[in-house]
Amino acid sequence: MNIQTVPSTPFDDQKPGTSGLRKKVSVFQGPHYLENFVQSIFDIIGAAPGSTLVLGGDGRFYNREAIQVILKMAAANGFGKVLVGRDGILSTPAASCVIRKYGTFGGIILSASHNPGGPDGDFGIKYNTANGGPAPEKITEAVFARSKALESYRIAEAPDVALDRIGETALGDMKVEVIDPVADYADLMESLFDFGAIRDLIKGGFRLRFDAMHAVTGPYGREILEQRLGAPAGTVINGEPLPDFGQGHPDPNLTYAHELVEIMYGEDAPDFGAASDGDGDRNMILGRRFFVTPSDSLAVIAANAALAPGYAAGLAGVARSMPTSAAADRVAAKLGIPCYETPTGWKFFGNLMDAGKVTLCGEESFGTGSSHVREKDGLWAVLFWLNILAKTGQSVEDIVYRHWAEYGRNIYSRHDYEGLPSDVAAGVMEHVASQFAALPGQRFGEYQVKFCDDFSYTDPIDGSVSAGQGLRIGFEDGSRIVFRLSGTGTEGATLRLYLEAFEPDPAKQRVDAQLALAGLIGIAHDLSQLKQRTGREQPTVIT
Ligand code: G1P
Ligand code: ZN
């Protein structure tokens, strides 16, 4: 096999964000762009010759081409074997599962998660380490530094590898093993949840819909829900993965998963609805005409974890990202287990899980998961809810209402302002932060400011510090306003405004979140001059 060393010039914009490097497809298609980043990863991770790598992606446009490039580069960089999902497909949680199950050196996942795909859409790439989780910042920063100095990359001259059939082929000295992308993951799910109870529930007439949004979870949903759990054909909708996700925006929330929302809020709605995103790590949970916020979902799962066989022994602890509501904290307190507050991004949960300090983790951004893998996991959350529904016999709505009655309700919402000019978004943040010295003690209507800060996190395991993680304004009654800039966008800036209030009284809990939060929303706008500075009357997305 002929190995070429291709001269290249460094890029200065290959800085991984909240979850890997994400750019427009056209950027990745530019000469050497993908190759340089992959070589930077290989140079930094220091895999011993002969190591095994996992490779797969969410099937979006450019997935196939990128897989072939990476295979040839892996061969040229001394890897002994690559486990690649059939047709280059692996959902993000499935990739994490495969890395852990086969004890590989690490894995490369091709995905821009919920960002739209297609030739004009986004592409992304990220490296996961041997624990199955996203590389920590010290690795992603080293990769970025390397990419700014990289002057050549190595690639094998070889024909493309056929990826449509399970089995092993050779690429020079390297083996390429094409694996079933679903089987290992589905087996893991079956080991965690009471599939017998869920099967009986469905047999008894319980109706559900799962919206795969034309993204990667179609085949996973069909195998697990329709084959292994016996749900009727058609339970999985939009189940054909498409390179442009059917021109949709595969983000499971009330705005983008509108087809499912119409079904669940329509006549004769099923008992349960769920959706997952582009790469299968996010989830949205719906009951009949009922939306479960991701923050509440984490808390409900934590409170009912013992109902699932894989969690019957109890939880070591829970963790949530800073902007996620404190609903899980209340459950943890009652269970007598620790609750950790981390910066946004799943990578911050890895150390806690590896150290055995937490079992469940969650983010308000429709991400929930556990230490069964080191990624958030959409179908896992769906199955956890089905397990709880099967064991309690209650409806989604009843489970949540009872939960609120017991623990109080953390009323929650996030307002996103997408596609802002970067300087405008930065100006809003600076303006808010500039008031921090004067805010504590000030009263705004019924709310009195208790503290404000720019969230900084010291990892309790390795002592690493992540600063500048979001502006928090906390009030005496536990309510909160958070301003944060997104780290996953590819165009301009996205400003996220997170709002949270607490309602302990069951008689006042069944209210519309936007109405209940109106006071806080007003304070947030006053403090930030959001409308004046952005010229936006409304958020782009409310979740
Ligand atoms: C967003 C979410 C964050 C999540 C990430 C990757 O990041 O807010 O919780 O971990 O996507 O799915 P952001 O764009 O806010 O940086
Ligand atoms: Zn995702």
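These values consider heavy atoms only, across backbone and side chains, with no hydrogens, waters or symmetry-generated copies. Numbering of ligands and ligand atoms starts at 1, following listing order.
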Would you compute the distance between atom CZ of Phe37 and atom CD1 of Ile41 and round it to the nearest 0.5 angstrom? 4.5 Å

Closest non-hydrogen atoms of Asn238 and Ala212, given as atom of the first, atom of the second and distance, are O-CB, 3.5 Å

I'd like to know if the Zn ion (ligand 2) has an N/O/S atom from Asp58 within less than 2.8 Å of it, counting both backbone and side-chain atoms. no

Is the shortest N/O to N/O distance between Glu363 and ligand 1 below 3.5 Å? yes

contact_flag Ser321 ligand 1 heavy-atom lt 4.0 Å: no

Hey, which atoms in ligand 1 end up nearer than 4.0 Å to a heavy atom of Arg496? 8 (O), 13 (P), 14 (O), 15 (O)

Subset of ligand 1 atoms that lie under 4.0 Å from at least one heavy atom of Gly487: 13 (P), 14 (O), 16 (O)

Please name the residue in the list Met264, Glu262, His258 that meets the side chain to side chain contact (heavy atoms under 4.5 Å, CB included) test with Leu260. Met264

Taking NZ, NE, NH1 and NH2 as the nitrogens, is one of them in Arg60 or Asp122 under 4.0 Å from a carboxylate oxygen of the other? no

Determine whether the aromatic ring centres of residues Tyr220 and Tyr185 are separated by less than 6.0 angstrom. yes

Centre of Phe502's six-membered ring, under 6.0 Å away, within 45 degrees of the axis: is that where NZ or CZ of Arg330 sits? yes

Under 4.0 Å from one or more heavy atoms of Thr344, ligand 1 contributes atoms 3 (C), 8 (O), 9 (O)

Geometric N/O contact Arg22 with ligand 1, under 3.5 angstrom: no

Looking at Arg320 and Glu500, is any side-chain nitrogen of the basic one under 4.0 Å from a carboxylate oxygen of the acidic one? no

Heavy-atom nearest neighbour in the protein, as seen from atom 7 (O) of ligand 1, with distance rounded to 0.1 Å: Thr488 CG2, 3.4 Å

For the atoms OD1 of Asp279 and OD1 of Asp281, give the angle they form at the Zn ion (ligand 2), rounded to 10 degrees. 90°

Tell me, please: is Arg414 in heavy-atom contact with ligand 1, that is, under 4.0 Å? yes

Ligand 1 to Gly345, heavy atom cutoff 4.0 Å, flagged ligand atoms 10 (O)

Output the atom name for the N/O/S atom of Asp277 with the smallest distance to the Zn ion (ligand 2). OD2

Would you mind finding which of Arg282, Lys376, His114 brings a heavy atom closest to atom 1 (C) of ligand 1? Arg282

May I ask you to identify, for Ser365, whether its side chain, its backbone, both or neither come under 4.0 Å of ligand 1 on a heavy-atom basis? side chain

Under 3.5 Å, N or O to N or O, is Leu485 touching ligand 1 that way? no

Under 2.8 Å from the Zn ion (ligand 2), is there an N/O/S atom belonging to Ser111? no

Asp416/Thr494 under side chain to side chain donor-acceptor pair (under 3.5 Å): CA gap, chis, key distance, verdict: CA-CA 7 Å; Asp416 292 337; Thr494 293; over 6 Å; no

Is Arg484 close to ligand 1, meaning an N/O of one under 3.5 Å from an N/O of the other? yes

Under 4.0 Å between a side-chain nitrogen and a carboxylate oxygen: does that hold for Glu363 and Arg282? no

Kindly assign one of parallel, tilted or perpendicular to the pair Trp380 and His372, based on the angle between their ring planes and the thresholds 30° and 60°. parallel

